[in-house]
Undergrad: 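Here's a structure for you.
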Protein chains: 2
Amino acid sequence: MIRVAIFEDNKHLRETFRLLLDSAKGFECTGTYNDCNNLVNDLASHSCDVALMDIEMPGMNGIEATRLLKKHFPGISILIQTVFFEDEYIFNAICAGASGYILKSTTPDGYLEAIRDVQAGGSPMTPGIARRVLELFKDKLQPATPVQDYDLTVQEKKVLKLLVEGKSYKLIAADLFVSIDTVKTHIRNIYSKLHVHSGTEAVSLALRDKIV
Amino acid sequence: MIRVAIFEDNKHLRETFRLLLDSAKGFECTGTYNDCNNLVNDLASHSCDVALMDIEMPGMNGIEATRLLKKHFPGISILIQTVFFEDEYIFNAICAGASGYILKSTTPDGYLEAIRDVQAGGSPMTPGIARRVLELFKDKLQPATPVQDYDLTVQEKKVLKLLVEGKSYKLIAADLFVSIDTVKTHIRNIYSKLHVHSGTEAVSLALRDKIV
DNA sequence: ACCACAATAGCGAAATAGGGTGAATTCTGA
DNA sequence: TCAGAATTCACCCTATTTCGCTATTGTGGT
């Protein structure tokens, strides 16, 4: 028997879900809630295995709720169901700890199967969502394409690296066994190539574009 | 009609896949290959929509092959099918550009559905794989635990943020509508809390520990 | 031989940053 | 309401940085 809690602000949908679960074999609806403003208390008194979570709700939204719920009840699996296809939502929902993400266009049977999947340790996703997840995954984890390499010379890269480490001109000169004036020259050239005008800017750019 | 190429080193499986595709409606097998050592030529002469790709193969493995294939034929969708459940494989396969990842324990009908899914722009994954993907996603993208928060005050954080953007004291003062001496004070306090002694060090630390 | 360029070095001026000290005001939690 | 924190500002002095220009040496390519 899979115990399911429903969080959905649309009254009609909420009732539909309850009916669906009550009439299906192996499911039990432990409660329906139209917002997450009493989330922790709600679930403390009526524990469940899976929470079916809408994103768009008055007050706390489903993603914040997911985060909160995972913090207080790590054992509960959360299945996000929404009309939103946006990357930002998908991304945040996953990071918040959602175990599945399905669109509201899913059929009733699809809902039941998704809940079963989640309970079995799987992560059901609408096919299109899965594709978005993989794309996001690639984009964010791909060795951050060094957009430009700025044509820094070997020595300039060394200087920049030391600059990133927070060293002063004097220390950089000592590290590289050159005079401080040479360091000045290199830094001048680095700034020119990077189109920046200060050490902080250069460090920022170097770290963001991973030139070091 | 979905045109499918099969890459699988096990002869028996290879033949089974061909039979499965030939006997199923809407599928066409454009070729079966026991390795990827002639990948580009193979597919140049027999184009396809979906490549069913094994990971473990003699010579080039399925993940390298995926990368290569995506480079030469970006339009072809790749469905990985393997016995490996390891995170490393999943991770690399996705980064290489795979559109789906199913285990060999999948049923024949499951295979056909997965291929249909891929062709339709979805990303079929064995439920357990999907869960691993989400976990990996979270682990790798989670705002890398801010080890310390250094107890910066609101204003100090603002100043640090602007410092990271490469602004000078003067510009920071202008941005925050305060005097330059106030900015100096804040920066003094920031340096003290961060245990650094220069802007470049502070920016470096701020970016690495994601305090901004 | 000539050129481009990396790497080195120097000088000087002006701007910016860093640190010491002190102090007023506002906010905030106990 | 009272202590402490946060925010604000001032003045002084020194160190560092930034940027202008110039110049020598070595190296690789045409």
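None of the values given here were measured: they were computed from a predicted structure. Just so it is clear: chains get the letters A, B, ... in the order the sequence lines come, proteins before strands, and each one is counted from 1. Quick note: numbers below take in every heavy atom, side chains included, and nothing from hydrogens, waters or symmetry partners.
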Undergrad: A:Ile172 has an atom CD1; how far is it from atom P of D:dA15, in whole Å?
TA: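 Interatomic distance, CD1 of A:Ile172 to P of D:dA15: 19 Å.
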Undergrad: Could you give me the CA-CA distance, side-chain angles and deciding distance for A:Phe17 and A:Tyr111, then say whether ring-ring contact (aromatic ring centres under 6.0 Å, His included) is met?
TA: CA-CA 9 Å; A:Phe17 285 141; A:Tyr111 266 96; 5.0 Å; yes
Undergrad: To the nearest 0.5 Å, how far apart are CZ in A:Arg132 and CZ in A:Phe91?
TA: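 The CZ atom of A:Phe91 is 12.5 Å from CZ of A:Arg132, to the nearest 0.5 Å.
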Undergrad: Taking the inter-plane angle between the rings of A:Phe137 and B:Phe137 on a 0 to 90° scale, is it parallel (under 30°), tilted (30 to 60°) or perpendicular (over 60°)?
TA: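 A:Phe137 vs B:Phe137 ring planes: tilted.
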Undergrad: Taking only side-chain nitrogens and oxygens of B:Ser179, does any of them come within less than 4.0 Å of OP1 or OP2 of D:dA10?
TA: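 Yes, such a contact exists.
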Undergrad: Provide, to the nearest angstrom, the distance between the NZ atom belonging to B:Lys170 and the P atom belonging to D:dC9.
TA: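 In whole Å, D:dC9 P lies 17 Å from B:Lys170 NZ.
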Undergrad: Would you say C:dT8 has OP1 or OP2 under 4.0 Å from some side-chain N or O of A:His186?
TA: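 Yes, A:His186 has a side-chain N/O under 4.0 Å of OP1/OP2 on C:dT8.
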Undergrad: Could you tell me whether the side chain of A:Arg188 has a donor or acceptor atom within less than 3.5 Å of a complementary atom in the base of D:dT17?
TA: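 Looking at the base of D:dT17, it does not pair with any donor or acceptor on the side chain of A:Arg188 (distance under 3.5 Å).
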Undergrad: Give the minimum heavy-atom separation between B:Asn61 and B:Ile55, together with the two atoms involved.
TA: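 Nearest pair, atom of B:Asn61 first, then B:Ile55: CB-O, 3.4 Å.
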Undergrad: Taking 4.0 Å as the cut-off, does a side-chain nitrogen or oxygen of A:Tyr191 come that near to OP1 or OP2 on D:dT18?
TA: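 For D:dT18, OP1 or OP2 has a side-chain N or O of A:Tyr191 closer than 4.0 Å.
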Undergrad: Which is true for A:Thr182 with a 4.0 Å heavy-atom rule: it touches a base, it touches only sugar-phosphate, or it touches nothing?
TA: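 Result for A:Thr182 = base.
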Undergrad: Measure the distance from CD1 on B:Ile180 to P on D:dA10 and round it to the nearest whole Å.
TA: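 After rounding, the gap between these two atoms is 11 Å.
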Undergrad: Provide the closest heavy-atom pair for B:Ala65 versus B:Leu39 in the form atom of the first, atom of the second, distance.
TA: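 Closest approach of B:Ala65 to B:Leu39, heavy atoms only: O-CD2, 3.5 Å.
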Undergrad: To the nearest Å, how far apart are B:Leu176 CG and D:dC9 P?
TA: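 One finds 10 Å between P of D:dC9 and CG of B:Leu176, rounded.
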Undergrad: Indicate, with a heavy-atom threshold strictly under 4.0 Å, whether B:Ser168 touches base, sugar-phosphate, or nothing.
TA: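 The answer is sugar-phosphate, as B:Ser168 gets under 4.0 Å only of primed atoms, P, OP1 or OP2.
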Undergrad: C:dC5 base to A:Thr153 side chain: any donor-acceptor pair below 3.5 Å?
TA: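 No.
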Undergrad: I need the CD1-P distance between B:Ile187 and C:dT16, as an integer number of Å.
TA: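 Answer to the nearest Å: 13 Å.
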Undergrad: Remember a base hit wins even if backbone is also touched, and classify B:His197 as base, sugar-phosphate or nothing at under 4.0 Å, heavy atoms.
TA: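 Touches sugar-phosphate only.
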Undergrad: Can a donor-acceptor pair under 3.5 Å be found between the side-chain atoms of B:Lys184 and the base atoms of C:dG18?
TA: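 Indeed, a donor on one side and an acceptor on the other fall under 3.5 Å apart.
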Undergrad: Can you list the steps and then say if B:Thr185 with B:Thr182 is a side chain to side chain donor-acceptor pair (under 3.5 Å)?
TA: CA-CA 5 Å; B:Thr185 304; B:Thr182 302; 5.9 Å; no
Undergrad: Measure CD/B:Glu156 against P/D:dT8 and give the value in whole Å, please.
TA: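 Taking CD of B:Glu156 and P of D:dT8, I get 10 Å after rounding.
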Undergrad: Given atom OH of A:Tyr169 and atom P of C:dG10, what is their separation to the nearest angstrom?
TA: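 Whole-Å distance recorded here is 16 Å.
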Undergrad: Find the distance between CD1 (A:Ile80) and CG (A:Leu52) and round it off to the nearest 0.5 Å.
TA: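 One gets 9.0 Å once the value is rounded to the nearest 0.5 Å.
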Undergrad: Contact class for A:Ser198 vs. all strands (heavy atom < 4.0 Å): base, sugar-phosphate, or nothing?
TA: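 Touches sugar-phosphate only.
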Undergrad: Establish, from distance only, whether the side-chain atoms of A:Thr106 and A:Gln81 form a donor-acceptor pair under 3.5 Å.
TA: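 Per modelled atom types, A:Thr106 and A:Gln81 side chains form no pair under 3.5 Å.
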Undergrad: To the nearest 10 degrees, what angle separates the axes at the start and end of the helix from C:dA1-D:dT30 to C:dA30-D:dT1, five pairs each?
TA: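 About 60° separates the two local helix axes.
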Undergrad: I need the CG-P distance between B:Asn189 and C:dT21, as an integer number of Å.
TA: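 About 14 Å, once rounded to whole Å.
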